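Structure first, commentary second.
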Amino acid sequence: MTTMTTSIARGKYHIWTVGCQMNQADSQRIQTMLDEMGWEETSMEQANLVILNTCSVRKAPEEKAHNQLAQLKHAKSKRSDLLVALMGCMIGSQKTIDELSKRYPHIDLFMKVEQADILPRFLEERWTPISGAGCLDIEFMPPDEYVPVEPIERILPTFATSTNTSGKRTVLPMAITPKMGERTAHYPTKIEPAKASPTAWLPVVLGCNKVCTYCIVPYRRGRERSRPVDELVTETASLVAKGAKELTLLGQTVEAYGLDLPGKPDLAELMKHLSQIDGLERIRFMTSYPRHMNDGMIERMAALPKVCEHVNIPVQAGDDEVLKRMKRGYTLDEYRDRITRLRALWPGVSLSTDIIVGFCGESEEEFQHTLDLLEEIRFDVVHVAAYSVRPGTVAARWEDDIPLAEKKRRLHAVEEVQARIAYELNQPLIGGVEEALVEEENDTHGRQQWKGRNRTNKLVFFPQPVEAGGESSGPEQSTPAARVIQPGDLVKVRIERATAWSLQGCVVAL
Ligand code: SAM
């Protein structure tokens, strides 16, 4: 007789996610794995497995994770059927893992997304429900009846174990760089969004090779690794089959895509392949880096009708000395040139940027240069953050000499200037017609309406149109061939109002 485990007990999971789009994309992948294993999504309080997908880019999201960990410690002291896993940017080297496991011995698993394939084995080994209802399902059958359908690939160990200070075994991720002959960590490719969303994230290049002095990302996400074109095409086709209409290609420096792949396919070439997928309507990409985006690449992207005219190209500061201290690797003139070329080669392109205020030693004059740059370039959107010290980065060794109150003042000054510029840029859109991809229903202003985005990434709000003669809450909503709008529809919206942050109008064609 052979004893075979045909299934393990299933539990309930909760994934808590903070941070950037990359984290959201990673959480979706983990969710797919757990769903496929038969685990059920639930609230944090009910879960047997809580996964915290963390962000370290600034101090505030990291503090949120520490709060969650403190609460989970309390929950775990009362429940033996609870496992806690940590992933995302808070996990870096073995040193950071050791520090965290010392501080939080109740963390059962430290997992990088590229080692997510340890999850099934981890759960099999570590989770046993306390109630009899979900105990292991062991089946007995004669050896000759056990015929594997396909040859089983030998699975090399995918995780290492070590002993923490309390003597409890802790599962640790593999080393970031496997040794010769070791299995190479890979990014989970299977993704089944929990809710069919018309918009999807596609991480195309993982990690970052830049060494910006303020930034923790390269220390936590490792060096750049591009995913092969065929893998991305397959994944996109699967996302589109499930209802995705718009894809955002993600990378810390997205134009670095392919530099490490055989034949060096670049971002524009990847977009060409993805453009051929029927049913995919729009392709977006972020985050751009001025020195990697050459003219040829822009021209080839601009020539692809599915690629949307929007570029998120962080400048971080409007002063050369600050840029030098940040080690951004370009001068303001080089940045300006890139913007000029972008606007010349890609008519109608909209631009967003990231700014950090209050970086080490930023004088009033240097800060004023950032405000001047905003007036000069007139970005459509600016994401502004107050500098926050990230232990382990180069800048963490320098004095964080701008008081918090002053950082806040500068942050609000940026917001104020930008609100005016964005308002001015959006006014000429009134009276025109924008194509919007419908994302979801929205009732934030006490008025039921649809939310979507135009090609240049501006938010567009509009009500459900009704047929001429039908019930309507306003004459402007009447359209000859109205039908119920669905997320994923591409609709034409006549813009009637514009603020700094959004456009509002009514549907003129479905
Ligand atoms: N790779 C992109 C880049 O910098 O070009 C984005 C990196 S990061 C995930 C997103 C944004 O967070 C950055 O553009 C920067 O403005 C902000 N950021 C990064 N480190 C920061 C820090 N220590 N303090 C405040 N903001 C920070």
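As a basis for the values below, the full set of heavy atoms in this structure was taken, side chains included, without hydrogen atoms, waters or symmetry mates. Read the numbers this way: they start at 1 and go in the same order the structure lists the ligands and their atoms. This structure is a prediction, so every number in the text was calculated from the model and none was measured.
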Going by the order shown, which atoms of ligand 1 are within less than 4.0 Å of some heavy atom of [X]?
X: P314; value: 5 (O)
X: Q252; value: 1 (N), 2 (C), 6 (C), 7 (C), 9 (C)
X: A385; value: 26 (N)
X: A386; value: 24 (N), 25 (C)
X: Q316; value: 3 (C), 4 (O), 13 (C), 14 (O), 15 (C), 16 (O)

| message | Tell me whether T253 reaches ligand 1 (any heavy atom closer than 4.0 angstrom to a ligand atom). | response | no

Close N or O approach ([X], ligand 1; < 3.5 Å):
X: Y387; result: no
X: S388; result: yes
X: D354; result: yes
X: R390; result: no

| Where's the contact between C212 and ligand 1, heavy-atom distance under 4.0 Å: side chain, backbone, both or neither? | neither

| query | Is it the side chain (CB and beyond), the backbone, both or neither of K210 that lies under 4.0 Å from ligand 1, heavy atoms counted? | reply |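 None of K210 does.
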
What pairs of donor and acceptor atoms, side-chain ones from residues 61-69 against any protein atom, are under 3.5 angstrom apart with sequence neighbours left out?
unit_1: E62; atom_1: OE2; unit_2: S56; atom_2: OG; d: 2.7
unit_1: E62; atom_1: OE2; unit_2: R390; atom_2: NH1; d: 3.4
unit_1: H66; atom_1: ND1; unit_2: Y104; atom_2: OH; d: 2.6

| message | Between V382 and L374, is the side-chain contact (heavy atoms from CB on, under 4.5 Å) condition met? List the steps. | response | CA-CA 9 Å; V382 171; L374 298 188; 4.0 Å; yes

| field | Residue pairs, two or more places apart or on separate chains, that pass ring pair (Phe, Tyr, Trp, His ring centres under 6.0 Å) and touch residues 307-362 | value | Y289-Y330, Y330-Y335, F359-Y387

| Would you call L119 and L109 a side-chain contact if the rule is heavy atoms closer than 4.5 Å? |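 They are in side-chain contact.
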
| task | Ignoring hydrogens, just give me the one of V315, I313, I216, V57 whose non-hydrogen atom is nearest atom 9 (C) of ligand 1. | result |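 Closest candidate by heavy-atom distance is V57.
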
| said: Tell me the nearest of R58, H383, R328 to atom 17 (C) of ligand 1, using heavy-atom distances. | reply: R58

| Taking 4.0 angstrom as the limit, do R325 and D319 come out as a salt bridge? |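 Salt bridge between R325 and D319, a charged N being under 4.0 Å from a carboxylate O: no.
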
| message | I'd like to know if E364 and R409 make a salt bridge, using a cut-off of under 4.0 Å between side-chain N and carboxylate O. | response | yes

| request: Examine the side chains of D333 and T331 and answer whether a donor and an acceptor come within less than 3.5 Å of each other. | output: no

